[in-house]
Amino acid sequence: MALHLFDTETRDVREFRPARDGTASMYVCGATVQGIPHIGHVRGALNYDVLRRWLVHNGLDVRMVRNVTDIDDKILTKAADAGRPWWEWAATHERAFEEAYDALGCLPPSIAPRATGHITQMIELMQRLIDKGHAYAAGGDVYFSVTSFPGYGALSGQRLEEVQQGESQAEGKRDPRDFTLWKGGKPGEPSWPTPWGHGRPGWHLECSAMATNYLGEEFDIHGGGVDLVFPHHENERAQSRAAGDGFARFWLHNAWVTLSGEKMSKSLGNVVSIPQMLRRFRAVELRYYLIQPHYRSTIEYSDEAVTESAQGYRRVEQFLRRAAAGTDAVRIGTVPGEFAAALDDDLGTPQAFAVLHNTVRDGNAALDAGDAAKARELAETVRAMTDVLGIDPLSQRWAESSGVEAKALGSLVETLLARRQQARAERDFAQADAIRDQLVEAGIAVEDTPNGPLWTVRD
RNA sequence: GGCGGAGUGGCCGAGUGGUUCAGGCAAGGGCCUGCAAAGCCCUGUACACGGGUUCGAUUCCCGUCUCCGCCUCCA
């Protein structure tokens with residue numbers, strides 16, 4: 001079965017066929033860099049990272065754009081409140097997002113373009129829209145004429161009569177449902193020159209301008225959180241299609257992370273930030289937790305759930321460590337058909353994880369039965385699956401045996417374990433257990449295997 | 001008001017018109033172990049409520065209740 005994805009525009013799961021053979025182009029709405037990233041922000045990025053890895057795994061050359069909105073009302077007001085330049089505020093938080101994405105193992109996008117770097121493209125797009133009668137300038141602002149585009153509302157299922165942009169009722173709008181492409185400059189605010197006067201970008205324009213700039217007038221996948229369906233993506237779609245661009249062929253939307261049943265958002269004060277999370281959980285465990293549920297299902301966050309889910313990851317990790325002990329490196333094998341079928345079915349990560357765990361169980365059983373060849377083969381299969389999911393415990397990225405501190409610790413632990421093995425050989429179990437207790441006390445779990453003791457740092 | 005999502009066993013979280021099943025975590029029993037740990041095996045009979053369709057519904061249809069999201073910046 002070939003990859004199928006749920007497209008918000010058509011409201012069904014369709015076969016994904018890229019516009020150009022052998023390549024796939026993705027545009028993902030990134031952050032408005034106004035604050036510190038929380039797990040909700042990262043959840044979406046992780047979903048698209050898994051999709052991207054799956055496309056790459058299937059031999060496609062993926063071009064991925066994740067934008068940075070570095071100019072908007074909130075950035076301006078927050079920076080002003082903090083007494084900092086708006087551009088510094090934006091840059092600071094852009095870095096925080098980059099760090100969060102990277103910490104959780106998101107592959108870097110092909111490019112992360114900033115809105116402020118693409119004013120030229122925005123002006124060109126506005127000009128095209130004005131030339132075609134889909135937009136008009138009024139009092140320094142530029143508006144998109146919603147009624148001029150017949151398909152308006154099709155993406156979000158809104159009827160034109162019911163549409164409310166929510167934008168403040170601007171003076172120059174011919175129709176209250178029209179939305180703002182460009183905001184006329186105000187004193188003290190950053191602005192850029194245009195044929196219609198100085199000003200700054202409206203929210204929606206940047207994505208259309210940047211997506212087509214990097215991916216062409218028609219591209220494969222446009223992703224973002226469900227809250228972006230209306231008005232953001234509806235408006236993007238309207239302005240690009242009205243300008244004559246094919247624009248996105250698939251619209252993907254990921255669901256929320258909620259806390260106590262409510263959407264995580266700064267205004268509710270129920271935000272769990274990434275830096276805060278990383279102090280309490282391993283990044284790979286957090287990643288595992290966030291990508292296991294289906295991307296269109298809401299995740300109800302709780303500390304307990306992350307802790308439990310981490311146990312699941314450790315089970316996989318432990319199997320690979322056991323399988324790797326005493327043999328040459330375990331290579332990355334090929335993914336099972338069931339696993340591929342799961343991901344091909346609208347990125348069915350829950351089923352993919354089920355396949356992963358079934359393989360781990362079989363692998364452990366093989367290990368117990370002393371069937372080293374089979375265990376090794378299954379371990380390679382497990383690595384292949386975790387590699388696609390970006391959680392391969394043996395990868396350079398997540399292996400814990402790297403780093404100077406880890407080496408120093410390892411050396412100490414090995415010394416103690418050697419002493420314990422000596423005591424065990426002499427059947428001095430009191431001494432052996434005392435050493436093990438000492439290690440446990442220090443947060444190190446020890447387990448004996450036919451290939452000798454394995455140790456793990458536990459919290 | 002308009003649009004949309006969800007209610008599954010102790011918990012998280014999939015899925016399907018019917019026989020054996022998601023998967024994980026936790027729990028109980030067993031095997032293994034010097035003792036553990038890890039692992040393996042076994043056990044739990046769940047699908048908000050009320051109708052309807054059907055030989056048969058958790059799965060389809062209708063209604064009810066509850067929760068959540070978008071329509072204001074938002075991943």
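Residue numbers begin at 1 in each chain, while the letters A, B, ... track the order of the sequences.
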A:D344 side, atom CG; A:Q351 side, atom CD - distance, nearest 0.5 Å
12.0 Å
Using the P atom on both, measure B:G23 against B:G15 and round to a whole Å.
14 Å
I want to check one thing: is the phosphate of B:C12, taken as OP1 and OP2, less than 4.0 Å away from some side-chain N or O of A:Q292?
no
Atom pairs, N/O to N/O, protein against nucleotides 3-6 of chain B, distance under 3.5 Å?
residue	atom	partner	partner atom	Å
B:C3	O2'	A:S156	O	3.2

Could you go through nucleotides 30-35 of chain B and list every protein N or O atom that sits under 3.5 Å from one of its N or O atoms, giving the distance for each pair?
residue	atom	partner	partner atom	Å
B:G34	N7	A:R424	NH2	3.4
B:G34	O6	A:R424	NE	3.2
B:G34	N1	A:D433	OD1	3.0
B:G34	N2	A:D433	OD2	2.7
B:C35	O2	A:R436	NH2	2.6
B:C35	N3	A:R436	NH1	3.1
B:C35	N3	A:R436	NH2	3.3
B:C35	N4	A:D448	OD2	3.3

Applying a 3.5 angstrom cut-off to the pairing atoms, does RNA chain B sit in any stems of at least three consecutive Watson-Crick or G-U pairs? List them by first number.
B:1-7 with B:65-71, B:10-12 with B:23-25, B:27-31 with B:39-43, B:48-52 with B:60-64
So does A:R315 get a side-chain nitrogen or oxygen closer than 4.0 Å to the phosphate oxygens (OP1/OP2) of B:G39?
yes
NA contact type, A:V355, heavy-atom cut-off 4.0 Å: base, sugar-phosphate, or nothing?
nothing
Rounding to a whole Å, what distance do you find between A:E304:CD and B:G13:P?
12 Å
Ranking A:H357 and A:D368 by the position along RNA chain B of their nearest nucleotide, the one closer to 5' is A:H357
Applying a 4.0 Å non-hydrogen cut-off, can you work out what A:G30 is touching in the nucleic acid: base, sugar-phosphate, or nothing?
sugar-phosphate
NA contact type, A:T449, heavy-atom cut-off 4.0 Å: base, sugar-phosphate, or nothing?
nothing
Please list, for nucleotides 19-21 of chain B, all pairs of protein and nucleotide N/O atoms separated by less than 3.5 Å.
none

Report, as yes or no, whether the 6.0 Å neighbourhood of atom CZ on A:R322 holds more than 12 heavy atoms from other residues, nucleotides or ligands.
yes
Is the shortest side-chain N/O distance from A:S297 to OP1 or OP2 of B:A14 below 4.0 Å?
yes
Heavy atoms under 4.0 Å, any strand shown: does A:H294 hit a base, just sugar-phosphate, or nothing?
sugar-phosphate
Selection residues 103-115 of chain A - residue pairs positive for salt bridge (Lys or Arg N to Asp or Glu O under 4.0 Å), sequence neighbours left out
A:E94-A:R114
Quick one: is B:C70 close enough that its OP1 or OP2 comes under 4.0 Å of any side-chain N or O from A:K263?
yes
Under 4.0 Å from OP1 or OP2 of B:C40: is there any side-chain N or O of A:N364 that close?
yes
Please write out each protein N/O paired with an N/O of nucleotides 7-9 of chain B under 3.5 Å, distance rounded to 0.1 Å.
none

How many angstroms lie between CZ in A:F247 and OH in A:Y27, if you round to the nearest 0.5 Å?
7.5 Å
As a test of understanding, state which of A:F230, A:Y143, A:F144 forms a ring pair (Phe, Tyr, Trp, His ring centres under 6.0 Å) with A:F179.
A:F144
Name the nucleic acid region contacted by A:G224, choosing base, sugar-phosphate or nothing; use a 4.0 angstrom heavy-atom cut-off, strictly under.
sugar-phosphate
